[in-house]
Protein chains: 2
Amino acid sequence: MDINTATRPPGRPREFEIEEALDKAIVVFSERGYHAASISELKDAMGLAAGSLYKAFKDKRAIFLASFDRYKQVRNALLEQELAEGENGRDKVSRMLRFYAEASHGASGRRGCLVVGTAIELAVYDAEAAERVDRSMARTEAMIDGLIREGQADGSIAPAIDPVTTAHVLLSVTQGLRVLGKTGPNRDRAFSVVDTAMKLLD
Amino acid sequence: MDINTATRPPGRPREFEIEEALDKAIVVFSERGYHAASISELKDAMGLAAGSLYKAFKDKRAIFLASFDRYKQVRNALLEQELAEGENGRDKVSRMLRFYAEASHGASGRRGCLVVGTAIELAVYDAEAAERVDRSMARTEAMIDGLIREGQADGSIAPAIDPVTTAHVLLSVTQGLRVLGKTGPNRDRAFSVVDTAMKLLD
DNA sequence: TCTATTGGGGAACGATCGTTTCCAAATTAA
DNA sequence: TTAATTTGGAAACGATCGTTCCCCAATAGA
């Protein structure tokens, strides 16, 4: 008897990890976009037969939404880890922007951001996708806003700065970086954007 | 005999204006993206039969690239018109950013930018599309750079500002606005981004 | 051991995709 | 007039799409 887990449900157990499969799907969806990513490509990348895919997920859209959620979970965890090392509010804002700059060049830049891709390709016609994009953007913006206030409290950011409008701009900068990263500017360029944008906190 | 035009080519004359048809295609491609826009949707929007479409354009990709070029031509003309009314370099930068903010909210915001859409959906796998995106971005950035230098020459922008890196950031802001505009923030928000970003010129 | 249930995988399905073909109509050149 | 050429438009084509079906394997519970 297995003490640590709940009793196994009836039927044949799944032979693959959902999250591992989603990590493969994220790559396909990010590079190709939702519509250009075919089930054939997805099943090859995920190492599954079509039948198995459709037993784990209702349809292609469900695979995508699950990939989106997994993507957000992983990226948020990495970001929080990065922010935890920040010394003060200003440093944390800088780390956050650099986190996006890091993702916006080279191979990961070309692969692209699943949130941006969803906003561009899906949000207009898919209310559920739009809501996920909105939640993601709102969360990021609120995070920047909070870090600015933290910086004002610890003296690392000028008190005259308006946290709300400044967070708007910095969110725009991060999303813009992701767009520009699709055609692959070099690393230095992405980081010079961060350095210059940080002037908004002076 | 028609004095004003070159002699008409042999064969039945085309009954529609290519540019008018492209203006309709631009709407479809902007809203739906390249892959989700079907020939069926395009021909309905453009008011043409499939056969006629394929006599005017080699294939779907050619329709898209022609739409992209037409989009750039129209938008560039509108932007130059707007900039011509600017009083000095700073005012022109502000007008440029407001031009993007105006496009990034409401119905046109939801419709989206064809350049951003191409960058996200096509640039990675289509070298010709990527080149067009790059040229567009480079042109916009060079324009901002030039306006900053103009402002420094006429005294409306601080001489300590680095035109190159500042143009990088402001380009990122414009592209970011276009992404955020897909899920439709309100007008005031888009313009508050512009106002705050203008602080980078102080 | 028997039944119920679920997953794996490949074959098959109908729908839709982008594209081509075909024929009538409209034009120029001879 | 006639031939050559091009467009308009509808119908048809093969390919691929997302999805379902079916059969076998693997597990739980009785």
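We name chains A, B, ... by the order of the sequence lines, and we start the count at 1 in each one.
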Residue [X], side-chain heavy atoms: nucleotide from [options] that is nearest:
X: B:Pro10; options: D:dT5, C:dA11, C:dG18; value: D:dT5
X: B:Arg12; options: C:dG9, C:dT28, C:dA25; value: C:dA25
X: A:Lys60; options: C:dG8, D:dT27, D:dT19; value: D:dT19
X: B:Pro13; options: C:dT20, C:dA26, D:dT27; value: C:dA26
X: B:Arg14; options: D:dT7, D:dT5, D:dT19; value: D:dT7
X: B:Asp59; options: C:dT19, D:dT19, D:dT6; value: C:dT19
X: B:Ile39; options: D:dG9, D:dA28, C:dT19; value: C:dT19
X: B:Lys55; options: D:dG18, C:dG9, D:dG9; value: D:dG9
X: B:Ala49; options: D:dA26, C:dG8, D:dG9; value: D:dG9

What is the nucleic acid contact for [X], judged by heavy atoms within less than 4.0 Å: base, sugar-phosphate only, or nothing?
X: A:Ala36; value: nothing
X: B:Phe57; value: nothing
X: B:Ser52; value: base

Under 4.0 Å, heavy atom to any atom of DNA chain C: which of residues 22-34 of chain B qualify?
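Nucleic-acid contacts, sorted: none.
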Among A:Phe68, A:Tyr125, A:Phe64, which residue meets the ring-ring contact (aromatic ring centres under 6.0 Å, His included) test with A:Tyr34?
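Of the listed options, the one satisfying the test is A:Phe64.
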Please give, in whole Å, the distance from [N] [atom2] to [X] [atom1]?
X: A:Asp44; N: D:dG18; atom1: CG; atom2: P; value: 12 Å
X: B:Leu53; N: C:dC17; atom1: CG; atom2: C1'; value: 14 Å
X: B:Glu41; N: C:dC17; atom1: CD; atom2: P; value: 7 Å
X: A:Leu48; N: C:dG8; atom1: CG; atom2: C1'; value: 9 Å
X: B:Lys58; N: C:dT19; atom1: NZ; atom2: P; value: 8 Å
X: A:Ile63; N: D:dG18; atom1: CD1; atom2: P; value: 9 Å
X: B:His35; N: C:dG18; atom1: NE2; atom2: P; value: 10 Å
X: B:Lys43; N: D:dG8; atom1: NZ; atom2: P; value: 14 Å

Decide yes or no on side chain to side chain contact (heavy atoms under 4.5 Å, CB included) for A:Arg61 and A:Asp126, but give the supporting numbers first.
CA-CA 10 Å; A:Arg61 183 168 168 275; A:Asp126 187 325; 2.6 Å; yes
B:Arg75 and B:Leu79: side chain to side chain contact (heavy atoms under 4.5 Å, CB included), yes or no, with the steps?
CA-CA 6 Å; B:Arg75 296 292 298 169; B:Leu79 177 56; over 6 Å; no
Would you say A:Tyr54 places a side-chain N or O within less than 4.0 Å of OP1 or OP2 belonging to D:dT20?
no
Side chains of [Y] and [X]: any donor to acceptor distance under 3.5 Å?
X: A:Arg178; Y: A:Thr174; result: no
X: B:Ser136; Y: B:Arg132; result: no
X: B:Thr165; Y: B:Asp162; result: yes

How about A:Lys58: does its NZ atom have over 12 heavy atoms from other parts shown lying under 6.0 Å from it?
no
NZ/B:Lys24: more than 12 non-hydrogen atoms of other groups inside 6.0 Å:
no
